Amino acid sequence: MRALRTVGWGLLAVVVASWLAAVEVLWLPLRIGPVPVPLSVLGAALGNLLLVTWAHRLSGSRVVALLPAAAWAVVAVGASVRRPEGDLLITGETTAAQLVGLGFLLVGVLFASFAVGRVLSRQVAAGSGSGGAR
């Protein structure tokens, strides 16, 4: 039963992280007049930090905690590669778009790796594992 629960949390973490990354990519061209609004950079930072932490806290599994960061990276990097149809979501048409796109990728990976490092560096509960402690 515990394995099924862990798989469920893992699936939920991947779905939420993928959805969040897709929304953040679509926020990249957001502007107020000629000024770009880097809302996607803020979303990447907070989203990756919170999703990795919550996935670990809710599932209790370090593997599940890695999944949101990996799913976010796959979607974000996939959006920066030109598709056969010619579609490209993370563009570099202007200097401002280049800075926001690069900041989005850099901040997202930085905060995801920080959150994963925090989760992986935590101590595992001590015990012999035999259940016979007195």
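Computed from a prediction, not measured in an experiment: that's the story for all the values here. Positions are given from 1 along the sequence.
- Residues forming a side chain to side chain donor-acceptor pair (under 3.5 Å) with Arg57 (at least two apart in sequence, or on another chain): none.
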Pairs of donor and acceptor atoms involving the side chains of residues 73-84, under 3.5 Å and at least two apart or interchain, shall be tabulated with distances.
| residue | atom | partner | partner atom | Å |
| --- | --- | --- | --- | --- |
| Ser80 | OG | Val77 | O | 2.7 |
| Arg82 | NH1 | Gly86 | O | 3.0 |
| Arg83 | NE | Glu85 | OE1 | 3.3 |

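- For Arg2, there are no salt bridge (Lys or Arg N to Asp or Glu O under 4.0 Å) partners, not counting sequence neighbours.
- Under the rule for a side-chain contact (heavy atoms from CB on, under 4.5 Å), the partners of Val23 that lie at least two apart in sequence or sit in another chain are Trp19, Trp27.
- Residues forming a side-chain contact (heavy atoms from CB on, under 4.5 Å) with Leu120 (at least two apart in sequence, or on another chain): Arg62, Leu66, Val116.
- Every residue meeting the side-chain contact (heavy atoms from CB on, under 4.5 Å) condition with Pro36, not counting sequence neighbours, appears here in chain and number order: Arg31, Ala96, Val100.
- Leu12 pairs by the side-chain contact (heavy atoms from CB on, under 4.5 Å) definition with Trp9, Val16, not counting sequence neighbours.
- Other residues sharing the hydrophobic cluster of Trp54, ordered by chain and number and joined by side-chain separations under 4.5 Å: Leu50.
- Through chains of ILVMFWY side-chain contacts below 4.5 Å, Val14 is grouped with Leu67.
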Anything under 3.5 Å between a donor and an acceptor, one on a side chain of residues 38-47, the other on a protein residue two or more places apart or in another chain? List them.
none

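- Among residue pairs with one or both ends in residues 60-82, those qualifying as ring-ring contact (aromatic ring centres under 6.0 Å, His included) are Trp72-Phe104; sequence neighbours excluded.
- If you chain together ILVMFWY residues whose side-chain heavy atoms come under 4.5 Å of each other, Leu106 ends up in a group of its own.
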